[in-house]
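Working notes, beginning with the structure itself.
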Number of protein chains: 2
Amino acid sequence: MSERILIVEDEPKLAALLADYLRAAGYETACLADGLAVAPSVRAHPPDLVLLDLMLPGRDGLDVCRELRTFSQVPVVMVTARVEEIDRLLGLELGADDYVCKPFSPREVVARVRAVLRRAHRPPADGVPGLVIDDDGYRAIYDGHALDLTPVEFRLLRALAAHPGRVFSRDQLLDHLYPDHRVVTDRTVDSHVKNLRRKLEQVRPDRELIRSIYGVGYKLEE
Amino acid sequence: MSERILIVEDEPKLAALLADYLRAAGYETACLADGLAVAPSVRAHPPDLVLLDLMLPGRDGLDVCRELRTFSQVPVVMVTARVEEIDRLLGLELGADDYVCKPFSPREVVARVRAVLRRAHRPPADGVPGLVIDDDGYRAIYDGHALDLTPVEFRLLRALAAHPGRVFSRDQLLDHLYPDHRVVTDRTVDSHVKNLRRKLEQVRPDRELIRSIYGVGYKLEE
DNA sequence: GCGGATCGTGGAGACATCGTGGAGAAGCGG
DNA sequence: CCGCTTCTCCACGATGTCTCCACGATCCGC
């Protein structure tokens with residue numbers, strides 16, 4: 001039985017294009033052009049995933065997403081016009097599962113959808129392959145090797161590893177790094193990422209565990 | 001026989017959602033919406049785990065957790081509104097076993113519950129090789145040699161040995177050292193660690209039993 | 001492509017934490 | 001009250017860590 005994707009997009013051509021590709025990938029699709037209709041539709045006929053344009057007539061995609069989250073845990077992939085907007089999204093902490101920014105290739109969208117659904121199906125007890133975070137002991141083990149991390153590096157890795165694949169803005173990461181909410185340049189995060197990366201690649205030079213998302217932040221590769 | 005989870009959550013929809021997922025994962029569930037009712041309920045019918053919302057009408061989740069701890073060792077998973085609060089909670093050392101922050105996916109909650117229960121089942125009977133703590137006699141034996149410890153040193157070693165590998169902050173250790181919660185500088189802990197280390201290395205000069213975790217605290221090597 | 005923004009990196013100085021010896025206070029038994 | 005042990009704190013140096021800067025590389029939107 002195939003999965004249903006609800007496409008919320010006000011531009012008909014784009015909606016049709018996405019629907020085509022998604023159907024070709026084996027999904028069932030439904031389309032909505034109006035933000036107001038999303039919540040009722042999801043209630044009445046819950047899809048397996050919602051592909052949500054940020055710019056909608058009448059109703060902002062952000063509101064829609066928030067409303068969905070009040071009653072549903074359905075995975076949401078946001079579609080935004082520009083990279084810069086992702087920043088704003090992250091700050092608002094709205095609970096989307098992934099983001100795609102225009103201009104995108106339909107194949108890219110399909111790939112994201114597939115990835116999010118895979119993540120949603122599999123129990124999230126997974127974590128990152130080869131990475132063990134020993135919270136009590138303030139230790140991290142990567143491919144069997146104990147990492148010699150500073151406190152900040154440990155907290156950074158722990159924060160990222162708590163939600164593999166999820167992008168964290170620098171500000172979000174700073175919140176995790178400092179319980180006392182001290183004021184620090186967000187470029188400081190870059191420095192710690194640099195040092196952390198160095199220690200990680202001592203263990204596995206071939207793998208890029210921490211990925212930068214341009215204009216957004218960092219995430220841990222799943 | 002399945003395990004019972006007590007859900008304490010004042011929002012009915014959320015409680016129902018969590019109950020659904022937990023039942024789907026094979027647990028029995030019970031729900032309470034009121035913080036005041038928790039302790040009596042746990043006394044009357046002890047669950048295997050309590051899922052506790054931090055924000056409760058009438059009674060703070062923190063108080064509830066503290067009250068539970070006065071008479072029960074039941075595992076507690078706290079649910080908090082925001083990421084930032086988790087750090088605060090961690091500092092407060094209130095005795096919860098894990099934390100989940102909103103917005104969370106029910107799947108994530110199930111994963112945490114599973115992890116905490118797994119941890120709770122596994123007997124914590126591990127110890128430190130060569131180290132015996134004679135609780136009644138206020139004595140410690142290390143590699144066959146009786147250690148001549150002062151009372152504070154003994155309590156320090158006992159606290160660390162209760163959870164080998166786990167890092168204790170200086171404040172946490174001070175709580176263990178003084179039942180009367182007197183006010184003492186953190187650095188005092190350092191002094192006692194210094195003296196304790198000296199006595200330990202008289203027995204085994206080659207081994208570094210007490211390890212400092214920079215910026216965090218001390219732990220006993222496993 | 002071009003300009004502007006963002007990011008990776010090395011390194012230096014500021015900063016925090018830790019180990020230590022020892023001084024004085026506090027307990028405690030005689 | 002005395003002598004002893006123990007505790008707490010202080011001060012200093014040693015060590016470890018953080019933060020930021022500056023430069024070049026990279027990426028993005030036009």
Side-chain angles (χ1 to χ4, degrees), chain A residues 80-88 90 99-105 108 138 140 147-157 167-171 173-202 205 208-219, chain B residues 138 140 147-157 167-171 173-202 205 208-219:
Chain A
T80 75
R82 306 236 216 83
V83 171
E84 300 101 63
E85 284 176 340
I86 290 190
D87 234 345
R88 198 162 64 86
L90 285 174
Y99 311 84
V100 183
C101 51
K102 300 178 183 175
F104 50 77
S105 73
E108 185 185 347
Y138 248 72
L147 297 170
D148 186 25
L149 303 180
T150 72
V152 174
E153 286 161 8
F154 176 80
R155 287 195 287 266
L156 175 59
L157 185 59
V167 185
F168 292 84
S169 71
R170 287 170 176 75
D171 282 338
L173 290 172
L174 285 175
D175 280 346
H176 282 96
L177 298 191
Y178 311 104
D180 56 352
H181 287 77
R182 44 197 296 196
V183 183
V184 165
T185 318
D186 48 1
R187 297 304 310 282
T188 298
V189 176
D190 298 26
S191 274
H192 292 294
V193 166
K194 170 192 52 170
N195 298 327
L196 188 48
R197 273 175 170 157
R198 179 152 39 210
K199 293 180 181 178
L200 288 171
E201 73 191 18
Q202 278 178 5
E208 187 191 348
L209 194 59
I210 301 179
R211 267 191 61 182
S212 333
I213 311 298
Y214 188 94
V216 187
Y218 294 100
K219 74 169 182 175
Chain B
Y138 249 66
L147 297 169
D148 185 26
L149 302 181
T150 71
V152 174
E153 286 161 10
F154 176 79
R155 287 195 289 269
L156 175 59
L157 186 58
V167 183
F168 292 85
S169 72
R170 287 170 176 74
D171 282 338
L173 290 172
L174 286 175
D175 282 347
H176 282 98
L177 297 191
Y178 312 105
D180 56 352
H181 286 78
R182 44 196 296 197
V183 183
V184 165
T185 318
D186 312 17
R187 300 305 310 278
T188 299
V189 176
D190 298 26
S191 276
H192 292 295
V193 166
K194 172 190 51 171
N195 298 327
L196 188 47
R197 273 176 170 158
R198 182 149 40 206
K199 293 179 180 177
L200 288 170
E201 73 190 18
Q202 278 177 6
E208 187 192 348
L209 194 60
I210 301 180
R211 266 192 62 181
S212 335
I213 309 299
Y214 189 96
V216 186
Y218 294 100
K219 74 171 178 179

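Just so we're on the same page: letters track the sequence lines, and every chain starts at 1. FYI, side chains are in, hydrogens and waters are out, and symmetry mates aren't considered; it's all heavy atoms of this structure.
When the C1' atom of C:dG8 is taken as reference, atom CG of A:L196 falls 14 Å away, rounded to whole Å.
At the heavy-atom level, B:R197 lies under 4.0 Å from the strands shown only through sugar-phosphate atoms. Residue contacts shown for B:I213 are limited to sugar-phosphate atoms, with no base heavy atom under 4.0 Å away. When heavy atoms are screened at a 4.0 angstrom cut-off, A:S191 is found touching base atoms of the nucleic acid.
Of the residues near DNA chain C, B:R182 and B:K194, the one whose nearest nucleotide (by heavy atom distance) lies more toward the 5' end is B:K194. Each of B:G217 and A:Y218 was matched to the nucleotide of DNA chain C holding its nearest heavy atom; the match closer to the 5' end belongs to A:Y218.
At the phosphate of C:dG19, OP1 or OP2 sits under 4.0 Å from a side-chain N or O atom of B:S212.
Remark: A:L173 CG to A:H192 NE2 distance equals 11.0 Å, nearest 0.5 Å.
No hydrogens or angles were tested; on distance alone, nothing pairs the side chain of B:R198 with the base of C:dG19 as donor and acceptor under 3.5 Å.
Other residues, nucleotides and ligands place no more than 12 heavy atoms under 6.0 Å from the CG atom of A:D148.
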Check the interface with nucleotides 13-17 of chain D: list each N/O to N/O pair with the protein under 3.5 Å, or write none.
none

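Of the candidates D:dC20, C:dC7, C:dT20, the closest approach to any side-chain atom of B:D190 belongs to C:dT20.
A heavy-atom distance below 4.5 Å is not found between the side chains of A:L147 and A:F154.
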